[in-house]
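Scroll down for the structure; my scribbles are underneath it.
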Protein chains: 2
Amino acid sequence: MPAPALGYTAGDLQGNPTAGMKGKATSFDIAYRAGVSQSTVSRALSGSPLVNAQTRQRIERIARELNYKVDKNASNLRSQQSGTLALLFFEDPTPDESHINPFFLSMLGSITRACARHGYDLLVSFQQFSDDWHADYEDSRKADGLILLGYGDYMPYCSKLEKLVAQGTHFVRWGPVLPDQPGISIGCDNHDGGKAMGAHLVAQGRRRIAFLGTITPDCPEFLARYRGHAEALAAAGLSAPAALQVDAISTEEAGYAAACTLLARRQPFDAIFAASDLIAMGAMQALADHGLRVPEDVAVTGFDDIPMARFAQPPLTTVLQDTQRAGELLVETLLRLIRNEPAESRLLPARLVIRRSCGAGGSPSARQGARAASARSPAHPGKTPRRRAPARSPSAPRPRTR
Amino acid sequence: MPAPALGYTAGDLQGNPTAGMKGKATSFDIAYRAGVSQSTVSRALSGSPLVNAQTRQRIERIARELNYKVDKNASNLRSQQSGTLALLFFEDPTPDESHINPFFLSMLGSITRACARHGYDLLVSFQQFSDDWHADYEDSRKADGLILLGYGDYMPYCSKLEKLVAQGTHFVRWGPVLPDQPGISIGCDNHDGGKAMGAHLVAQGRRRIAFLGTITPDCPEFLARYRGHAEALAAAGLSAPAALQVDAISTEEAGYAAACTLLARRQPFDAIFAASDLIAMGAMQALADHGLRVPEDVAVTGFDDIPMARFAQPPLTTVLQDTQRAGELLVETLLRLIRNEPAESRLLPARLVIRRSCGAGGSPSARQGARAASARSPAHPGKTPRRRAPARSPSAPRPRTR
DNA sequence: CTGAAAGCGCTTACAG
DNA sequence: CTGAAAGCGCTTACAG
């Protein structure tokens, strides 16, 4: 019996396209039906220019008919790359079953999309700091590189980053860009954002501005926001007294507690700059529970512009971190690293988003009117809708005396 | 020169543990150093009981020293499974760069954790309905099974599910459990949740209850909520008039628009049951813009209990879908499918979460008092905090006349 | 308990 | 433009 012509044995491949096919089709099945070698099938399907156009079409048609998909495990093994990026979340403050920080969730969305655009898959994993995460993904060839996301204690984190660098792992990290940072980071210009917010509150006539958020070196992002803020105050001849700063991690609970602590200190204040929106939401809750009005009694602002910031009552003035852009940049940078192209750390601009919680936008009297009107008229509708306060309305500083 | 003893050539492996190692270590490297065969290394590291305890320890130590990790591509290729699940999101209504529904984000969190608990990786992908998603992941052996998540037009979706079933793909889907559903679904008991909410609003004394949310068969989940609601009304001798129902997909924008449409119809109503929290948040915004108070003029309730529901002003009464449990069940069920164990569709109980937006909890007079007090006293703190309204306080029905 | 060997399904020099 | 061959790094019968 003569040896088969093209390196495969006919086996049970005769007959109609799918009859007799056990399990998934392989490139040999396609080759047999197309009357070419398996190499040619591989080339045709991977878009190699070395294939005759007609042959390619025939192969593609057959592949479609057989519902053939290249086996990623085999192709990855052979080509020594995975076509996959791994996203590692760190949730140090909330290792329990609680909800994930919505800001990171937004990042997740944009990273996922960016990966898809670049033809990469995304492996997602939630990590504890104790985990031996630094090695797993790239070493086991599940991913070509890592994206690191999450607040967290800075020092232990840093030493893990060094290990990653030493191992030659490809990674980018979302976080503050610091001088002696191991590896590459993409972050938001926290200092600038904090400064803009401080200046804005001052322009609104606020004079005694509290800051809620941990400002130890463990929390370099909050620290940078605080420093920018303090700089803006100083520029206006104001100070950021220690009595008006309370530590808080980025949760509503911490924000609530921090605001209560602040209130218990009995120091007058007319504004709260919270280091994150979550903290701000908790603080607003606490203020409401103490019978204080936002922004009439206390202006409250946050940082991040998470989706629910718009839906706070009143809508929360905050600093937008452009997660869309961040996700794209993170993925792009990581891909450059993987391809051994030059790549560098980057700071994304922070943008002030002015809503009503800072006292800008809809004036108090308009609010007052609305309230009075609504008291008169229970739910029968048809009134002309009040214009929604535009997100970025210019706002005259309201002078305040304490 | 004698042939090497154990099937590998010494190569550049002499010297200290890592010197001379090009790239990652392989099981052959470990075998060489441990003085055993590569097979034994593989067995030891995969936890086979067929390995001498001492040998195993030696191998494990060396593997640690060399920072060795099993190559997933190779092991997956060989064992024909990936140890990975794929999570496919469908975002039909919002194909743009906008934010993802926070409810699904919560699910993502719980699914990720459930996967980790079971030792699986999670591949995440956002899909358009047009995509040929039904085949890709499992066929290319990137995942052992799929988790399908997302609202969406029901009919086209359904035919894709049939295709998946025909192909023998392992998948579970989050969504309504319907009689002639292809494949396995895990969902929330939307009917029951809607009924509970309807009954609750009636018990609060509300009589003309609007429903915001699309109730065509395209949206079987909203439809089920609506039907449960209507059933509760009927049980109380009330009706759910068509004039008080407005279609809306699950976004704040749609909720805002739907509430405006409702108001423009000039039909009296004293409550809005929104088919989702996002719709409810938008509706509350619209009501506020029309000078209507929640809950004094209109009670508003939602569905999902997304994180920001607690932070609405007033906090939103809603129906909790237990995403923690759902994620776990989704993963567990899929794993059973993959292992060819019996598995079945399941309905998770819905739980009413009572906050202030429905008129229960903190009484109007208390609110009034708080407001008056706050008007008197600008931000100097130290007052006794008002008790936060307990999440599930028993509430006497407040009679209402229109 | 251990080793020698086959083979998972590809990609990619190498040779024409 | 195409084919024959090697080999990616494992797992797993098979034989002792």
Side-chain angles (χ1 to χ4, degrees), chain A residues 3-9 11 13 21-32 34-59 63 66 68-83 139-142 144, chain B residues 3-9 11 13 21-32 34-59 63 66 68-83 139-142 144:
Chain A
L6 288 165
Y8 45 71
T9 48
L13 298 177
M21 292 268 312
K22 310 288 268 181
K24 319 276 179 189
T26 71
S27 54
F28 282 92
D29 301 332
I30 314 289
Y32 177 80
V36 295
S37 73
Q38 181 268 341
S39 324
T40 299
V41 171
S42 177
R43 284 193 198 97
L45 263 22
S46 66
S48 160
L50 299 173
V51 181
N52 176 288
Q54 221 169 316
T55 310
R56 178 195 306 279
Q57 280 177 14
R58 186 154 31 95
I59 289 171
L66 295 193
Y68 170 78
K69 294 281 165 1
V70 172
D71 184 313
K72 283 292 175 186
N73 291 131
S75 69
N76 291 346
L77 173 59
R78 185 51 237 249
S79 57
Q80 295 294 69
Q81 41 152 287
S82 68
D139 285 351
S140 60
R141 306 255 181 215
K142 289 193 289 196
D144 298 332
Chain B
L6 288 164
Y8 45 70
T9 48
L13 298 177
M21 293 265 314
K22 311 286 268 181
K24 320 277 181 189
T26 71
S27 53
F28 283 92
D29 300 332
I30 314 290
Y32 177 79
V36 294
S37 74
Q38 182 269 340
S39 325
T40 299
V41 171
S42 177
R43 284 193 199 97
L45 263 23
S46 66
S48 160
L50 299 174
V51 181
N52 176 288
Q54 219 169 317
T55 311
R56 177 193 307 280
Q57 280 177 13
R58 186 154 31 96
I59 290 171
L66 295 193
Y68 170 78
K69 294 282 166 357
V70 172
D71 184 315
K72 282 292 175 186
N73 292 130
S75 70
N76 292 346
L77 172 60
R78 185 52 236 249
S79 58
Q80 295 293 69
Q81 40 151 290
S82 68
D139 285 352
S140 61
R141 307 254 181 215
K142 289 193 287 196
D144 298 333

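Letters go in sequence order (proteins before strands), and every chain restarts at 1. Any value given below was found using the heavy atoms of this structure, including those in side chains, with hydrogens, waters and symmetry copies removed.
Listed here is the closest heavy atom pair of Ser27(B) and Gln38(B): OG-NE2, 3.0 Å. Nearest approach of Val51(B) to Thr55(B), heavy atoms of both residues: CG1-CB, 4.2 Å. Nearest heavy atoms, Leu45(A) versus Ala63(A): CD2-CB, 4.3 Å. When all heavy atoms of Asn73(A) and Lys72(B) are compared, the closest pair comes out as ND2-O, 4.4 Å.
The nearest whole Å value for the distance from the OH atom in Tyr32(B) to the C1' atom in dG3(C) is 18 Å. The CD-P distance, from Gln38(A) to dA13(C), rounds to 15 Å in whole Å. Between Lys142(A) atom NZ and dC10(D) atom P the separation is 14 Å, expressed in whole Å. One atom, CG of Asp29(B), and another, C1' of dC8(D), lie 14 Å apart when rounded to the nearest Å. Taking atom CD on Gln80(A) and atom P on dT12(C), their separation rounds to 11 Å, with Å as the unit. The distance from atom CD1 of Ile59(B) to atom P of dC1(C) is 13 Å, rounded to the nearest whole Å. Atom CG in Asn73(A) sits about 12 Å away from atom P in dT11(C), given to the nearest Å. Lys72(A) places its NZ atom 12 Å from the C1' atom of dT11(C), with the value rounded to the nearest Å.
Within the structure, a side-chain polar atom (N or O) of Ser27(A) is placed less than 4.0 Å from OP1 or OP2 of dC10(C).
Comparing dT12(D) with dG16(D), their C1' atoms are spaced 16 Å from each other, to the whole Å.
Each of dT12(D), dG3(C), dC10(D) was ranked by its minimum atom distance to the side chain of Ser37(B); first place goes to dG3(C). In this structure, the nucleotide among dG9(C), dT2(D), dG3(C) sitting nearest to the side chain of Thr40(A) is dT2(D). For Arg43(B), the side-chain atoms get nearest to dA13(D) when compared with the rest of dT11(C), dT11(D), dA13(D). Of the listed nucleotides (dG7(C), dG9(C), dG3(D)), dG7(C) has the atom at the smallest distance from the side chain of Arg78(B). Nearest nucleotide to the Ser75(B) side chain, out of dC10(D), dG7(D), dC8(C): dC10(D).
Residues of residues 46-56 of chain B that place a heavy atom closer than 4.0 Å to DNA chain C, in numerical order, are Pro49(B), Leu50(B), Val51(B), Asn52(B), Thr55(B).
Inter-residue side-chain proximity for Val41(A) and Val36(A) is flagged as met; some heavy-atom pair is nearer than 4.5 Å.
For Lys142(B), the NZ atom counts as densely surrounded, since its 6.0 Å shell holds more than 12 non-hydrogen atoms of other residues, nucleotides or ligands.
For dA4(C), there is no paired base (Watson-Crick or G-U wobble, both distances below 3.5 Å). Remark: dA13(D) base-pairs with no nucleotide in the shown strands. Criterion, Watson-Crick or G-U wobble with two distances under 3.5 Å.
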Give the intermediate values and the outcome of side chain to side chain contact (heavy atoms under 4.5 Å, CB included) for residues Ile30(B) and Ile59(B).
CA-CA 7 Å; Ile30(B) 314 290; Ile59(B) 290 171; 4.0 Å; yes
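Annotation: the span from Gln80(A) atom CD to Arg78(A) atom CZ amounts to 8.5 Å, rounded to 0.5 Å.
Counting non-hydrogen atoms under 4.0 angstrom, Ser39(B) reaches a base of the nucleic acid. At a threshold of 4.0 angstrom between heavy atoms, the contacts of Ser42(A) include nucleobase atoms, whether or not backbone atoms are also involved.
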